[in-house]
K.L.:
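Before we start, here is the structure in question, set down as structure tokens.
Everything numeric in this text was worked out from a predicted model, so none of it was measured.
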Amino acid sequence: MNPSKSSRLPAPGAEEREHSDRLLQRLREEIASHGPMPFSQYMERCLYMPGLGYYSAGATKFGEAGDFVTAPELGPLFARCVAKVVEPVLEMLGETADFLELGGGSGAFAEAVLLALHAENAAPHRYLILEPSADLRERQHERLAAALPPALFAGVQWLDRPPEEDWQGVLFANEVIDALPTTRFSMRDGEVYEEYVALDGEGRLMRTDRPADALVSGAVRHVERDIETEFADSYRSEILPQLPYWMQAVAASLTSGIMLFIDYGYVRREFYQPGRTDGTLMAHYRHHAHNDPLYLPGLNDLTASVDFTALAEAGNQAGFGVAAYLPQAHFLIAAGLQEVFEQAYTETDDEATRYRLSQQVKRLTLPDQMGERFQAMVFARGMDMVPLPADLLAADQGERL
């Protein structure tokens, strides 16, 4: 990172820098022993290495005190809208229907959606949270134990891996796909190269390119065929060749029900625009976004936007059909955001709370906030009919995929 860019970021404290240096030393040792590592492996280490990775260590990630704010952290309106969408599905599937959340964050979503479903006597049989981070799991446990009625909390379970037994219900993932370790590719003389992280002569991390293997090259060629365009030389972007395998792993045992993915991203033709020559990879550090993933490893959230066409393909390959695809603003409005907001507004006389509710709606729906940058995709399998709101189905933009 050049000095002017790093100087615009908040300076890390001594403890933070020591933490990053410990991860950096582990990365150096691994690269020295085994050679340059694919960028996807570097990203996986930076986010998930036990005790040192961004999501595995103890710092606050979510909310105003962390590095970024997700929709559930803004307040309960987002989760209450999701509850209104999934409630008829849970009801149709019956009393054994479960709710599985991938990556529970701070626990804010689980708290709000469970209380909303409980208020309608529609709580799932079990609320499952697939959470790889022991630190986040502990925080979620504390929050939900304090916030939920004991009988409701008793139905919450944490998982280390996706359910192996067949189940039915709802799978929900908010800002999960963007944090999957992504492959970075580039083009040179018409050939596909993969980005690696190596060491320079002074032991500093640097990025370098190597000829891509068959899996990465095949995934890139598939995209080129689909968008009917060959990538120009020096074009660089991200791709998730492992996405179909990941989807099969998390969703194979869901025999009937829906999956709801909400994330920031684009349909494929928009993702791989000719002008977007350096992809979508971003690092987030204390509410500052920058584009140097090698800066302070372990202290930054690393993310890449989602190719929703690839997500649809992965869902199809896992046996699901796309029931709806639309921007987050359209999804929330169709789910009943106006009604949810008005109910919350009339439940309080506190003007500060009412102001925060109004701000939530703006952040969630305005095009320059989350409304258009975030997309919602609903998959379904094993149901004779999918009881989604009529307004949601009317707003479907699946033809854009």
K.L.:
For Glu195 and Ser186, does a side-chain donor sit closer than 3.5 Å to a side-chain acceptor?
P.N.:
no
K.L.:
Answer yes if the side chains of Thr280 and Tyr264 hold a donor-acceptor pair under 3.5 Å, and no otherwise.
P.N.:
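There is no such pair (donor and acceptor under 3.5 Å, judged by atom type) between the side chains of Thr280 and Tyr264.
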K.L.:
Do the side chain of Thr346 and the main chain of Gln343 share a donor and acceptor less than 3.5 angstrom apart?
P.N.:
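Side chain of Thr346 to backbone of Gln343: a pair is present.
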K.L.:
With no hydrogens and no angle check, is any side-chain donor or acceptor of Thr348 less than 3.5 Å from a backbone partner on Ala344?
P.N.:
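Flag not set: sc Thr348 to bb Ala344 has no pair under 3.5 Å.
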K.L.:
Would you name the heavy atoms of Pro10 and Tyr285 that are closest together and state the gap between them?
P.N.:
O-CE2, 3.1 Å
K.L.:
Nearest 0.5 Å, what's the CG-CG distance between Asp292 and Leu302?
P.N.:
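Rounded to the nearest 0.5 Å, the CG-CG separation comes to 10.0 Å.
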K.L.:
Looking only at heavy atoms, what is the nearest atom pair of Ala198 and Thr208, with distance?
P.N.:
CB-CG2, 4.0 Å
K.L.:
Hey, what's the ring geometry for Tyr235 with Phe231, parallel, tilted or perpendicular (30° and 60° as the breaks)?
P.N.:
parallel
K.L.:
If you measure only the distance, is there a donor-acceptor pair under 3.5 Å linking the side chains of Asp135 and Tyr55?
P.N.:
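Their side chains do not contain a donor-acceptor pair, so the 3.5 Å distance test is not met.
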K.L.:
Taking Glu230 for the side chain and Glu224 for the main chain, is one N or O donor matched with an acceptor at less than 3.5 Å?
P.N.:
no
K.L.:
Can you check whether Pro163's main-chain N or O pairs, donor with acceptor, with Ser253's side chain at less than 3.5 Å?
P.N.:
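Looks like yes, one N/O pair under 3.5 Å.
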K.L.:
Centroid separation under 6.0 Å, is that true for the rings of Phe374 and Phe331?
P.N.:
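No; Phe374 has its ring centre 6.0 Å or more from that of Phe331.
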K.L.:
How far apart are the C-alpha atoms of Tyr272 and Ile239, what are their side-chain angles, what is the distance that settles it, and do they pass the side chain to side chain contact (heavy atoms under 4.5 Å, CB included) test?
P.N.:
CA-CA 10 Å; Tyr272 295 107; Ile239 199 161; 3.7 Å; yes
K.L.:
Decide whether Gln397 and Gln375 meet the rule of one side-chain donor and one side-chain acceptor closer than 3.5 Å.
P.N.:
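Side chains of Gln397 and Gln375: no pair found under 3.5 Å.
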K.L.:
If the test is side-chain hydrogen bond (donor to acceptor under 3.5 Å, both in side chains), which one of Glu131, His141, Gln140 qualifies with Trp158?
P.N.:
Gln140
K.L.:
How close do Asn291 and Arg207 get, heavy atom to heavy atom, and via which atoms?
P.N.:
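Smallest heavy-atom distance, with atoms named: O-NH2, 4.2 Å.
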K.L.:
Is it the case that the side chains of Asp166 and Thr255 hold a donor-acceptor pair, with the cut-off being a distance below 3.5 Å and no angle test?
P.N.:
no
K.L.:
Please report the shortest heavy-atom distance between Glu194 and Ser40, naming the atom on each side.
P.N.:
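Looking at all heavy atoms of both residues, the closest pair is OE2-OG, 4.5 Å.
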K.L.:
Would you kindly check if the NZ (Lys) or CZ (Arg) of Arg276 is within the cone defined by 45 degrees around the ring axis of Tyr266 and under 6.0 Å from the six-membered ring centre?
P.N.:
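Ring-cation test returns yes.
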K.L.:
Can you name the nearest heavy-atom pair linking Ser237 to Phe271, along with the distance?
P.N.:
OG-CE2, 3.5 Å
